[in-house]
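Counting starts at 1 for both ligands and their atoms, following the listed order. It should be emphasised that the depicted structure is a prediction, and the values quoted were computed from it without experimental measurement.
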Amino acid sequence: MKKLGILLSGRGSNFEAIAHNVQAGRIPAEIAVVISNKEDALGLARGRQMGLTTRFIPSKGKEREAFDQEVMAVLREFQIDLVCLAGFMRILSPYFIREFRGRILNIHPALLPAFPGEEAQRRALEHGVKFTGCTVHLVDEGVDTGPIVCQAVVPVLDDDTAEALAARILKEEHRIYSEAICLLLEDRVRIEGRRVLHKR
Ligand code: GAR
């Protein structure tokens, strides 16, 4: 059985959606560990309630590499095949990326390469785009720059608020994150440069 390691910092709704699909047998893997750098992250509490193995690894006041080393030690301990960043609000060091290259996924609430970084939904609304959405991508050394695995489009409505738009995007996030995990775990992708092609 393949092993997933989840890294989160907050609410954890993407993690919950993944956990739900794992439980339902729609993702051929188990969640071996849920790691949070925030002690009060709702996602960490939910993981505990679900009976999953959880770890709180504080990041505050730590050098990036020192924190990453601690996370990597836990991921190695559990022999993690695929690392899923699910609202994990820290940038990983090149050292971490190198160690897990091609095996780290992230979800971002915009159609990358548009609106990388924070508050992507609000910035998309304020920019006036008619369509935005979400992206699951492999993580490389940049911020939200890695090869794109899956995307979903969400229209921006005239009377949208950032919150309403974010909620509709989140629904799509929950759907495509599991889809991307399955594609990678089942070896159904072929990577050509920046392009992640889906095998038929
Ligand atoms: C999600 O919308 C995710 O796309 C976003 O944070 C939210 C986490 O929600 N991630 C980023 O903005 C990363 N740059 P969740 O904790 O409920 O999954």
Side-chain angles (χ1 to χ4, degrees), residues 4-23 26-27 31 33-50 52 54-57 59 64 67-68 71 82-93 96-97 100 104-127 129 131-156 160-181 184:
L4 302 179
I6 308 275
L7 267 57
L8 54 79
S9 305
R11 183 179 53 184
S13 74
N14 274 290
F15 150 61
E16 279 200 58
I18 294 165
H20 180 73
N21 284 328
V22 165
Q23 258 170 4
R26 286 189 287 266
I27 296 177
I31 297 176
V33 66
V34 181
I35 301 173
S36 173
N37 63 320
K38 300 276 180 209
E39 193 166 22
D40 59 354
L42 188 59
L44 199 60
R46 293 290 296 128
R48 262 185 234 118
Q49 283 166 9
M50 287 178 212
L52 295 171
T54 61
R55 290 277 195 283
F56 161 53
I57 305 179
S59 55
R64 187 178 308 285
F67 170 76
D68 283 9
V71 175
L82 186 62
V83 180
C84 300
L85 309 185
F88 182 64
M89 295 306 188
R90 275 186 68 87
I91 292 166
L92 295 165
S93 59
F96 187 109
I97 310 289
F100 286 91
I104 315 169
L105 282 177
N106 183 41
I107 180 97
H108 183 74
L111 290 176
L112 291 171
F115 310 109
E118 291 185 7
E119 292 199 76
Q121 305 97 324
R122 184 185 56 74
R123 287 188 291 123
L125 183 70
E126 286 174 2
H127 191 91
V129 295
F131 293 93
T132 181
C134 49
T135 304
V136 181
H137 65 93
L138 288 163
V139 175
D140 67 7
E141 283 81 357
V143 176
D144 301 324
T145 52
I148 291 167
V149 182
C150 289
Q151 288 187 308
V153 176
V154 175
V156 180
D160 251 339
T161 59
E163 292 71 31
L165 178 59
R168 292 204 312 288
I169 294 172
L170 193 63
K171 245 191 200 159
E172 293 300 298
E173 294 184 36
H174 294 167
R175 184 175 63 77
I176 68 168
Y177 209 160
S178 292
E179 199 177 301
I181 291 170
L184 285 198

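Closest to atom 15 (P) of ligand 1 among all protein heavy atoms lies Ser13 N, 3.4 Å. Remark: minimum distance from atom 16 (O) of ligand 1 to any protein heavy atom is reached at Gly12 N, 2.7 Å. Considering only non-hydrogen protein atoms, atom 12 (O) of ligand 1 sits nearest to Pro109 CD, 3.4 Å.
In this structure, Asn21 contributes its side chain and Ser178 its backbone to no donor-acceptor pair below 3.5 Å.
Looking at Gln121, His108, Glu16, Glu118, it is His108 that brings a heavy atom closest to atom 14 (N) of ligand 1.
Note: His127 and Phe115 have perpendicular aromatic rings, judged against thresholds of 30 and 60 degrees for the angle between ring planes.
Shown in contact with Gly87 at under 4.0 Å from a heavy atom are these atoms of ligand 1, numbered in order with element: 8 (C). Residue Arg11 has at least one heavy-atom neighbour below 4.0 Å for each of these atoms of ligand 1: 9 (O), 15 (P), 16 (O), 17 (O). Annotation for ligand 1: atoms under 4.0 Å from non-hydrogen atoms of Met89 are 6 (O), 10 (N), 11 (C), 12 (O). Close approach of ligand 1 to Glu173 (heavy-atom distance below 4.0 Å) involves ligand atoms 1 (C), 2 (O), 3 (C), 4 (O).
Residue contacts with ligand 1 include Ile107, since one or more of its heavy atoms lies under 4.0 Å from the ligand.
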Worksheet entry | Ser13/His174 under side-chain contact (heavy atoms from CB on, under 4.5 Å): CA gap, chis, key distance, verdict | CA-CA 8 Å; Ser13 74; His174 294 167; 2.8 Å; yes
Item to complete: Apply the test side-chain contact (heavy atoms from CB on, under 4.5 Å) to residues Ile31 and Phe15: give CA-CA distance (whole Å), side-chain angles for both, the deciding distance (0.1 Å), then the verdict.
Response: CA-CA 10 Å; Ile31 297 176; Phe15 150 61; 4.0 Å; yes
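Each of Val136, Leu7, Val143, Leu85 was compared with Asn106 under the side-chain contact (heavy atoms from CB on, under 4.5 Å) criterion, and only Leu85 meets it.
A salt bridge links Glu172 with Arg175: the distance from a Lys NZ or Arg NE/NH1/NH2 to an Asp or Glu carboxylate oxygen falls below 4.0 Å.
Using a 4.5 Å heavy-atom threshold, the side chains of Leu44 and Glu39 count as separate.
Remark: ligand 1 and Gly10 share no N or O pair separated by less than 3.5 Å (distance only, no angle test).
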